[in-house]
Amino acid sequence: ALVQMMEPQPALGYFEEAQRLGASQGTIALDRGLAFDLAGDQARAQSDYQVALSGRDASEARRRLALSLAIGGNRTEALSTL
């Protein structure tokens, strides 16, 4: 919910807590990636999106990865991701 409310820093704290309590990276990767993007950390966001590509929301992960790459200035890779 915090990610959707554009509050990435508090959301990242909750993702960390969720992992500490046993949540897998794959479970939280798609939404945590968005939180990292909103916080300006494209490298970590892209890493999470890569993990999410093998999950149930692979299409959304691919879209977010492409957008993150474009934001980071990597137009060629963003287009090839799509």
Side-chain angles (χ1 to χ4, degrees):
L2 287 169
V3 175
Q4 297 302 314
M5 293 170 32
M6 307 297 264
E7 296 287 341
Q9 293 304 328
L12 289 168
Y14 282 111
F15 287 125
E16 185 177 309
E17 179 75 6
Q19 265 197 305
R20 192 179 61 74
L21 294 171
S24 70
Q25 183 179 2
T27 303
I28 63 173
L30 185 63
D31 291 324
R32 186 176 64 181
L34 181 56
F36 280 129
D37 259 336
L38 291 172
D41 190 342
Q42 277 74 49
R44 291 179 76 184
Q46 291 162 20
S47 176
D48 270 351
Y49 296 144
Q50 291 287 346
V51 170
L53 285 173
S54 62
R56 60 179 168 75
D57 292 326
S59 295
E60 181 64 13
R62 184 171 306 286
R63 187 183 72 77
R64 289 184 188 181
L65 175 58
L67 183 58
S68 182
L69 289 163
I71 289 168
N74 194 337
R75 182 176 191 254
T76 302
E77 194 172 347
L79 290 173
S80 70
T81 298
L82 292 173

Please find the pair of heavy atoms, one from [X] and one from [Y], that lie closest to each other, and give the distance.
X     : Y     : answer
Ser24 : Gln19 : C-NE2, 4.4 Å
Asn74 : Glu77 : ND2-OE1, 2.9 Å
Pro8  : Ala35 : CB-O, 3.3 Å
Gly26 : Val51 : CA-CG1, 3.9 Å
Ala11 : Val3  : CB-CG2, 3.6 Å
Pro10 : Glu7  : CD-O, 3.3 Å

[atom1] of [X] to [atom2] of [Y]: how many Å apart, nearest 0.5 Å?
X     : Y     : atom1 : atom2 : value
Leu69 : Ser80 : CG    : OG    : 8.0 Å
Asp48 : Arg44 : CG    : CZ    : 8.0 Å
Leu65 : Gln46 : CG    : CD    : 6.0 Å
Ser68 : Gln50 : OG    : CD    : 10.0 Å

Within-4.5 Å side-chain heavy-atom neighbours: Leu30 and Leu34: no

More than 12 heavy atoms from other groups under 6.0 Å of CD on Glu16: no

Same cluster for [X] and [Y] if Ile/Leu/Val/Met/Phe/Trp/Tyr side chains link at under 4.5 Å?
X     : Y     : result
Leu53 : Leu67 : no
Met6  : Ile28 : yes
Tyr14 : Met5  : yes

Backbone N/O of Arg63 and side chain of Tyr49: donor-acceptor pair under 3.5 Å: no

Ionic contact status for Arg64 with Asp31, cut-off 4.0 Å: yes

